[in-house]
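For the numbers below, each heavy atom of this structure counts, side chains included, while hydrogens, waters and symmetry mates do not.
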Amino acid sequence: MAAHRKPKQRPLSGRAALTLALAGAATATVVEGSGHAEPRVGPAQVKAQADRLYREAEEATERYNGAKEAVKEARAQLDALRDEAARRTARLNAARNALGAVATDQYRSGGLGPAARLAFSGDPDAYLRGAALADRVGDRQATAVGAARSQVAELARLRTEAAGRLRDLTARQAELARHKTAVQGRIAAAEKLLARLTAAERAAYDGAPAGSGASARGVAARGPLPTGVAVGAPNPRAAQAVAYAYGALGKPYVWGATGPSAFDCSGLTQAAWRSAGVSLPRTTYTQIDTGRRVSRSELAPGDLVFFYPGVSHVGLYVGGGRMIHAPRPGAPVRIAPIDEMPWAGATRVA
């Protein structure tokens with residue numbers, strides 16, 4: 001029986017016990033930390049992911065801009081309908097009061113029939129003239145009643161239309177809120193990623209156009225700043241738009257902004273052409289349908305140049321293969337080559 005007994009294990013002591021304890025602690029630390037530590041991402045990957053998030057934010061920004069314009073239009077239409085309904089209500093109330101006064105007079109004088117009133121009249125001729133006038137008044141009264149009925153029907157139509165506009169406005173406001181949330185979410189995610197970079201890496205990223213390795217100084221140094229109107233602009237209005245864009249250099253990108261202290265991409269081009277007396281639509285995907293399409297070989301200063309599938313970015317061409325644009329949050333209005341982003345098209349406004 002003693003030969004089959006399980007050998008009694010001796011407790012570890014000294015250096016062997018310490019080694020085993022340390023190994024166990026290290027293993028536990030690795031296992032515990034592996035579930036919480038963020039994956040290591042290199043600077044190049046951080047920048048690429050941030051670029052993607054900023055592009056998505058810009059796409060959402062343009063949708064936000066479009067929804068904001070739609071909200072403004074729907075609110076204006078609703079206000080106009082309400083104003084018209086108020087005017088028609090006032091006219092209808094006036095017509096009702098007038099008809100009520102006539103009805104009251106008829107009731108007061110309606111105790112005797114026409115033959116009796118003629119018989120007891122002291123001046124039959126005057127009575128007959130008054131009766132003829134009453135007939136004409138009766139015709140006008142009938143017309144007034146018909147007009148009042150039409151006003152009631154029109155007022156009901158206006159109120160129904162206004163209710164529809166209110167529903168449309170409410171839906172567009174909800175859409176606006178969704179796009180705003182999308183923009184803010186993408187920007188916050190990009191900023192969280194960029195927080196992993198060192199100060200030098202972040203400065204390099206903020207100083208370079210999205211998707212390029214060139215510094216802002218290098219891009220700007222590709223040609224001298226103009227001292228007057230843009231050389232080669234097809235007309236004075238285009239020259240004025242270019243001059244405005246040069247004046248905006250260095251101003252911050254703020255999504256949804258149209259100047260004069262900050263801009264998003266379509267806000268900058270809209271403001272530049274507004275300074276020249278030309279009204280552009282608010283979004284990139286509507287601005288590209290303004291004016292005449294031109295090819296890259298036809299570009300002249302003042303043309304609008306568009307980028308990315310879905311036409312989510314726009315800049316103002318200034319000549320020499322360069323544009324002025326508002327790139328993204330953290331990157332101010334700057335000069336950049338038009339070949340740094342995927343080409344989508346160009347249009348000549350005027």
message = In the structure I gave you, are the side-chain heavy atoms of Arg82 and Leu166 within less than 4.5 Å of one another anywhere?
response = yes
Show which side-chain atoms of residues 152-163 pair as donor or acceptor with protein atoms under 3.5 Å away, not counting sequence neighbours.
unit_1: Glu154; atom_1: OE1; unit_2: Arg157; atom_2: NE; d: 3.2
unit_1: Glu154; atom_1: OE2; unit_2: Arg157; atom_2: NE; d: 3.3
unit_1: Glu154; atom_1: OE2; unit_2: Arg157; atom_2: NH2; d: 2.6
unit_1: Arg157; atom_1: NH1; unit_2: Glu161; atom_2: OE1; d: 2.9
unit_1: Thr160; atom_1: OG1; unit_2: Ala156; atom_2: O; d: 3.0

Test: Glu69 and Lys72 ion pair at under 4.0 Å = yes
inquiry  = One pair to check against side-chain contact (heavy atoms from CB on, under 4.5 Å): Leu194 and Tyr54. What are the steps and the verdict?
reply    = CA-CA 11 Å; Leu194 293 172; Tyr54 278 136; 3.6 Å; yes
message = I'd like to know if the side chain of Arg293 reaches the main chain of Ile288, judged simply by a donor and an acceptor atom lying under 3.5 Å from each other, with no hydrogens or angles considered.
response = yes
query = Quick one: OG1 on Thr61 to CZ on Arg328, what's the gap to the nearest 0.5 Å?
reply = 13.5 Å
request  = Give a yes or no on this: more than 12 heavy atoms of other residues, nucleotides or ligands lie within 6.0 Å of atom CZ of Arg237.
outcome  = no
Pair Arg296 + Asp303: basic N to acidic O under 4.0 Å = no
Sole candidate of Gln287, Glu62, Met323, His325 that passes side chain to side chain contact (heavy atoms under 4.5 Å, CB included) when paired with Val314 = Gln287
ask   = Does any pair with a residue in residues 248-259 pass side-chain hydrogen bond (donor to acceptor under 3.5 Å, both in side chains), and if so which ones, sequence neighbours excluded?
value = none
inquiry  = For a quick test of reading the model, state the closest non-hydrogen atom pair linking Ala57 to Arg186 and the distance between them.
reply    = CB-CB, 3.6 Å
ask   = Relative to each other, are the rings of Tyr308 and His313 parallel, tilted or perpendicular (30° and 60° limits)?
value = perpendicular
ask   = Given side chains that start at C-beta, do those of Arg75 and Gln173 come closer than 4.5 Å, heavy atoms only?
value = yes
key: Between CZ on residue Arg63 and CD on residue Glu175, distance to nearest 0.5 Å   = 9.5 Å
message = Quick check for you: to the nearest 0.5 Å, what is the distance between Arg88 atom CZ and Asp83 atom CG?
response = 13.0 Å
request  = Carefully, step by step, assess Glu56 and Arg52 under the rule salt bridge (charged side-chain N to carboxylate O under 4.0 Å, His left out).
outcome  = CA-CA 6 Å; Glu56 292 175 358; Arg52 176 182 57 78; 3.2 Å; yes
request  = Sequence neighbours left out, what pairs pass ring-ring contact (aromatic ring centres under 6.0 Å, His included) with at least one residue falling in residues 155-183?
outcome  = none
key: Minimum heavy-atom distance between Ala350 and Pro234, given as atom pair plus value   = O-CG, 4.4 Å
key: Counterpart residues, side chain to side chain donor-acceptor pair (under 3.5 Å), relative to Ser295 (two or more places apart)   = Ser297, Glu298
query = Donor-acceptor pair, Thr284 side chain versus Ser266 backbone, under 3.5 Å?
reply = no
task = Taking atom types as modelled, find out whether Asn65 and Tyr285 have a side-chain donor-acceptor pair closer than 3.5 angstrom.
result = no
key: Check: Leu280 main-chain N/O paired with Gln270 side-chain donor or acceptor under 3.5 Å   = yes
request  = Using modelled atom types only, decide if a donor and an acceptor are shared between the side chain of Thr347 and the backbone of Thr290 within a distance under 3.5 Å.
outcome  = yes
query = Looking only at heavy atoms, which two atoms of Ala241 and Ser275 are closest? And how far apart?
reply = CA-OG, 4.4 Å
request  = For residues Asp264 and Tyr64, determine if any side-chain heavy atom of one lies less than 4.5 Å from a side-chain heavy atom of the other.
outcome  = no
Heavy-atom closest contact (Pro327 atom, Pro332 atom, distance) = CD-O, 3.2 Å
task = Count the heavy atoms belonging to other residues, nucleotides or ligands that lie under 6.0 Å from NZ of Lys47, then report whether that count exceeds 12.
result = yes
message = Looking at every heavy atom in both Ala74 and Arg172, which two are closest together, and how far apart are they?
response = CB-CD, 4.4 Å
ask   = Of all residues at least two apart in sequence or in a different chain, which pass the ring-ring contact (aromatic ring centres under 6.0 Å, His included) check with Phe263?
value = none
query = With clusters built from Ile, Leu, Val, Met, Phe, Trp and Tyr whose side-chain heavy atoms come within less than 4.5 Å, directly or transitively, what are the remaining members of the cluster of Val254, listed by chain and number?
reply = none
note = Closest heavy-atom pair, Gly302 versus Leu316, reported as atoms and distance to 0.1 Å, is O-CD1, 3.4 Å
Sub-4.5 Å side-chain heavy-atom contact between Ile324 and Leu249 = yes
